[in-house]
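A short write-up of the structure that comes next.
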Amino acid sequence: LAAAYPAPSSVRAPDGGKLRSLLERYVRAWEAADIAGLVRLLREDAIVSMPPGLTISGAAVIAEFLAGSVFVGGRMVRLSPVSANAGPAYLIRSGPNEAGLEPFAILVVDVSGGDDADAGPRVRRMGVFSEPTLVARFLPA
C-alpha cells in the first residue's frame with residue numbers, strides 16, 4: 001500500500017462542495033445497486049479492504065466483487081452517515097427488502113482530489129468493518 005498511495009499529508013483533499021457532491025452520488029449508487037455508477041466514482045487503482053483478510057484492488061475487480069457478492073438476488077443496501085476516523089463513513093444496512101434491512105458493517109471512505117484542475121475527487125479506498133461489536137457502537141441509542 002505504501003508504494004501505491006502517497007502519505008495522507010501529500011494528498012490534495014477535495015474542496016467541501018466537490019466532496020459533498022461525490023459522496024451524494026456515492027450513496028445514491030450504493031442504494032440503487034448501480035455498480036457502473038459506483039465504479040465511475042472510484043480511482044482506477046481503488047482498494048476495498050474487509051479485515052481481517054480480504055483486499056480487493058482495482059476498479060474493475062471491485063465491480064466484479066460487488067456484482068457477485070454484494071448486489072445478488074435483489075439484495076438492498078442503505079447507507080446512513082456516521083462519524084469515524086474524521087472522514088466520510090457510513091453504517092451499512094443490508095437485507096432482502098426495505099423491511100428486512102439489518103445493520104451489517106461500517107464503511108469508511110477515503111477520497112482524494114483530482115490530479116488536475118478539471119478532474120474531480122475520486123474514492124481511493126473503502127474499508128468495510130463488519131465485526132458485530134464494532135457495528136453496534138454506531139447504532140442509534
Side-chain angles (χ1 to χ4, degrees), residues 1-140:
L1 285 176
Y5 292 98
S9 62
S10 67
V11 174
R12 186 171 58 89
D15 73 46
K18 288 181 181 179
L19 176 60
R20 191 170 25 263
S21 174
L22 170 72
L23 294 174
E24 288 170 357
R25 290 179 287 142
Y26 181 80
V27 169
R28 281 194 308 267
W30 269 101
E31 293 186 349
D34 179 4
I35 295 170
L38 185 56
V39 168
R40 280 192 297 274
L41 303 174
L42 304 178
R43 286 175 36 152
E44 193 58 40
D45 61 348
I47 293 175
V48 171
S49 63
M50 297 176 71
L54 180 65
T55 301
I56 304 159
S57 300
V61 180
I62 292 169
E64 290 173 17
F65 172 77
L66 292 172
S69 299
V70 177
F71 298 115
V72 292
R75 189 153 204 77
M76 297 183 80
V77 172
R78 295 292 178 260
L79 302 183
S80 301
V82 295
S83 179
N85 293 354
Y90 300 90
L91 169 65
I92 300 174
R93 293 181 188 270
S94 180
N97 55 48
E98 201 73 45
L101 293 174
E102 295 288 335
F104 171 71
I106 301 302
L107 171 63
V108 179
V109 182
D110 183 13
V111 176
S112 64
D115 294 332
D116 60 50
D118 295 328
R122 293 284 181 263
V123 174
R124 67 183 191 150
R125 289 186 210 152
M126 296 180 282
V128 181
F129 302 91
S130 59
E131 207 299 304
T133 57
L134 173 70
V135 173
R137 293 171 142 184
F138 291 89
L139 296 175

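None of these values were measured; they are calculated from a predicted model. Position 1 is the first residue of the sequence; numbering continues from there.
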- Item | Partners meeting side chain to side chain contact (heavy atoms under 4.5 Å, CB included) with E24 (sequence neighbours left out) | R20, R28
- Task: Might you point out which heavy atoms bring P121 and V111 nearest each other, and give the distance in Å?
- Result: CB-CG1, 3.7 Å
- Message: Checking F138 now: which residues fulfil ring-ring contact (aromatic ring centres under 6.0 Å, His included) with it, not counting sequence neighbours?
- Response: none
- Might you point out which heavy atoms bring A29 and G37 nearest each other, and give the distance in Å? CB-C, 4.1 Å
- Task: Output the distance between atom OG (S130) and atom CG (L107), rounded to the nearest 0.5 Å.
- Result: 11.5 Å
- Task: Please confirm whether the backbone N or O of G87 pairs with a side-chain atom of N85, one donor and one acceptor, at under 3.5 Å?
- Result: no
- Task: Mind listing the closest non-hydrogen atom pair of L101 and G95 along with its distance?
- Result: CD2-N, 3.5 Å
- Note on the structure: d(L54 CG, S69 OG) to nearest 0.5 Å is 8.5 Å
- Query: With a 4.5 Å heavy-atom cut-off, do R93 and L139 have their side chains touching?
  - Reply: yes
- Heavy atoms of Y90 and V27 approach each other most closely as CE2-CG2, 3.5 Å
- Message: A side-chain contact here means heavy atoms from C-beta on lying under 4.5 Å apart; do I62 and M126 qualify?
- Response: yes
- Hits for side-chain hydrogen bond (donor to acceptor under 3.5 Å, both in side chains) against T133, two or more places apart or cross-chain, chain-then-number order -> E131
- Query: Does a side-chain heavy-atom distance below 4.5 Å link I106 with L91?
  - Reply: yes
- Item | Nearest atoms (heavy-atom pairs only) where A105 meets V135 | CA-CG2, 3.6 Å
- Residues which pass side chain to side chain contact (heavy atoms under 4.5 Å, CB included) with L41, listed by chain and number, not counting sequence neighbours: L22, R25, Y26
- Message: Per the salt bridge (Lys or Arg N to Asp or Glu O under 4.0 Å) rule, what does the pair list look like for residues 66-85, sequence neighbours excluded?
- Response: R78-E98
- Item | Any donor-acceptor N/O pair, E31 side chain to L79 backbone, under 3.5 Å | yes
- Item | Qualifying residue, where the test is side chain to side chain contact (heavy atoms under 4.5 Å, CB included) with L42 and the options are V48, V123, I47 | V123
- Query: Is the number of heavy atoms from other residues, nucleotides or ligands within 6.0 Å of CZ (F129) greater than 12?
  - Reply: yes
- Message: For residues 41-83, which residue pairs pass the ring pair (Phe, Tyr, Trp, His ring centres under 6.0 Å) check, not counting sequence neighbours?
- Response: W30-F71
- Between V72 and A67, the two heavy atoms sitting closest are CG1-O, 3.3 Å
